[in-house]
Engineer: 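Here it is, the structure in full.
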Amino acid sequence: MVGGAAAVLVALAVLLLPRRRSAVRVGLLTSSTPDSDRSPGRLGPLEVDDVAATMVLLAVALRSGCGEVEAIEAVARVSDGTVAAHLRSVSAARRWGVGARLAWTTADPGWTSVARVLAVAARAGIPPSRLLVEASRDQRAAELAALDAAGARVGVLLVAPLGLAFLPAFLLTTVVPLVVALSVQVLG
């Protein structure tokens with residue numbers, strides 16, 4: 001019984017443990033999808049850390065004197081996979097005259113924070129690099145907080161099966177024999 005309960009608890013822990021990085025669904029066709037499964041709008045994973053790191057790279061490129069579109073293209077050149085594809089999509093849309101807000105929507109909802117920071121900086125007439133770095137920090141802090149909360153939930157969820165398994169065993173091996181022995185002495 002104890003070995004089976006331990007196996008169930010380990011299985012629950014493995015299933016309920018948070019992943020190291022959370023994935024955001026993206027709206028671009030990526031190179032990781034098989035040819036037979038490719039269709040416009042096919043989704044692939046975009047990591048929160050990737051967006052945060054891209055924000056910092058964009059800040060560096062903007063601080064070096066690049067314009068917004070040139071900075072996006074420069075970061076796309078040094079990025080891999082999905083991030084590069086998204087950034088190329090945004091820069092292409094910008095080059096074709098699409099507005100900044102609409103251009104970022106062509107990539108993914110995960111890029112909303114980048115689009116928002118760039119829009120706020122443009123409206124305020126300030127350089128966006130500092131805002132991008134702060135937004136990157138905020139995004140990473142929020143991700144760590146979400147992982148901590150998920151870890152706390154795992155602990156709580158593991159206590160319930162543990163209590164349900166050991167409380168009846170405790171009652172049957174300790175309390176019931178004590179009540180039977182006392183009742184025999186008192187009634188006998």
Side-chain angles (χ1 to χ4, degrees), residues 1-34 36-39 41-59 75 78-87 89 104-105 107-117 120 131-187:
M1 170 74 179
V2 175
V8 169
L9 291 176
V10 169
L12 278 172
V14 168
L15 290 174
L16 297 175
L17 280 176
R19 295 181 183 177
R20 183 179 171 277
R21 303 168 101 179
S22 69
V24 178
R25 306 245 350 135
V26 297
L28 281 184
L29 179 64
T30 63
S31 59
S32 61
T33 58
S36 62
D37 197 22
R38 287 187 178 190
S39 61
R42 207 48 203 156
L43 304 178
L46 174 66
E47 303 291 337
V48 172
D49 277 350
D50 291 339
V51 174
T54 301
M55 285 183 192
V56 173
L57 291 173
L58 283 171
V75 174
V78 298
S79 298
D80 293 331
T82 304
V83 172
H86 290 214
L87 294 177
S89 171
W104 284 101
T105 62
D108 175 65
W111 296 106
T112 303
S113 54
V114 177
R116 189 178 313 121
V117 166
V120 166
L131 295 175
L132 283 166
V133 171
E134 289 174 10
S136 172
R137 280 191 211 126
D138 292 345
Q139 194 165 7
R140 285 183 172 147
E143 178 68 8
L144 287 175
L147 289 174
D148 285 344
R153 279 193 306 274
V154 167
V156 170
L157 291 173
L158 285 178
V159 170
L162 189 64
L164 291 174
F166 287 109
L167 185 59
F170 173 74
L171 289 174
L172 290 174
T173 60
T174 307
V175 176
V176 171
L178 182 64
V179 169
V180 169
L182 286 175
S183 63
V184 168
Q185 285 181 356
V186 170
L187 297 176

Engineer: Check side-chain contact (heavy atoms from CB on, under 4.5 Å) between L178 and all other residues, then give those that pass, not counting sequence neighbours.
Structural biologist: L182

Engineer: Testing the basics here: between S113 and M55, what is the closest heavy-atom pair and its distance to 0.1 Å?
Structural biologist: OG-CE, 2.9 Å

Engineer: Identify the heavy atoms of L57 and V78 that sit nearest to each other, and give their distance.
Structural biologist: CD1-CG2, 4.4 Å

Engineer: Anything under 3.5 Å between a donor and an acceptor, one on a side chain of residues 159-170, the other on a protein residue two or more places apart or in another chain? List them.
Structural biologist:
none

Engineer: Can you see which heavy atom on Q139 is nearest to which on G110, and at what distance?
Structural biologist: NE2-O, 4.4 Å

Engineer: If I take atom CG from residue L131 and atom CZ from residue R116, how far apart are they, to the nearest 0.5 angstrom?
Structural biologist: 12.0 Å

Engineer: Please give me the minimum heavy-atom distance between S79 and A84, naming the atom from each residue.
Structural biologist: O-CB, 3.6 Å

Engineer: Is there side-chain contact between W111 and V51, with heavy atoms separated by less than 4.5 Å?
Structural biologist: yes

Engineer: Considering all heavy atoms of both residues, which atom of S136 and which atom of V56 are nearest to each other, and what is their separation?
Structural biologist: OG-CG2, 3.5 Å

Engineer: Under a 4.5 Å cut-off applied to non-hydrogen side-chain atoms, are T54 and V114 in contact?
Structural biologist: no

Engineer: Nearest 0.5 Å please: distance from the CG atom of D148 over to the CD atom of E143.
Structural biologist: 10.5 Å

Engineer: Quick check for you: to the nearest 0.5 Å, what is the distance between D108 atom CG and D50 atom CG?
Structural biologist: 11.0 Å

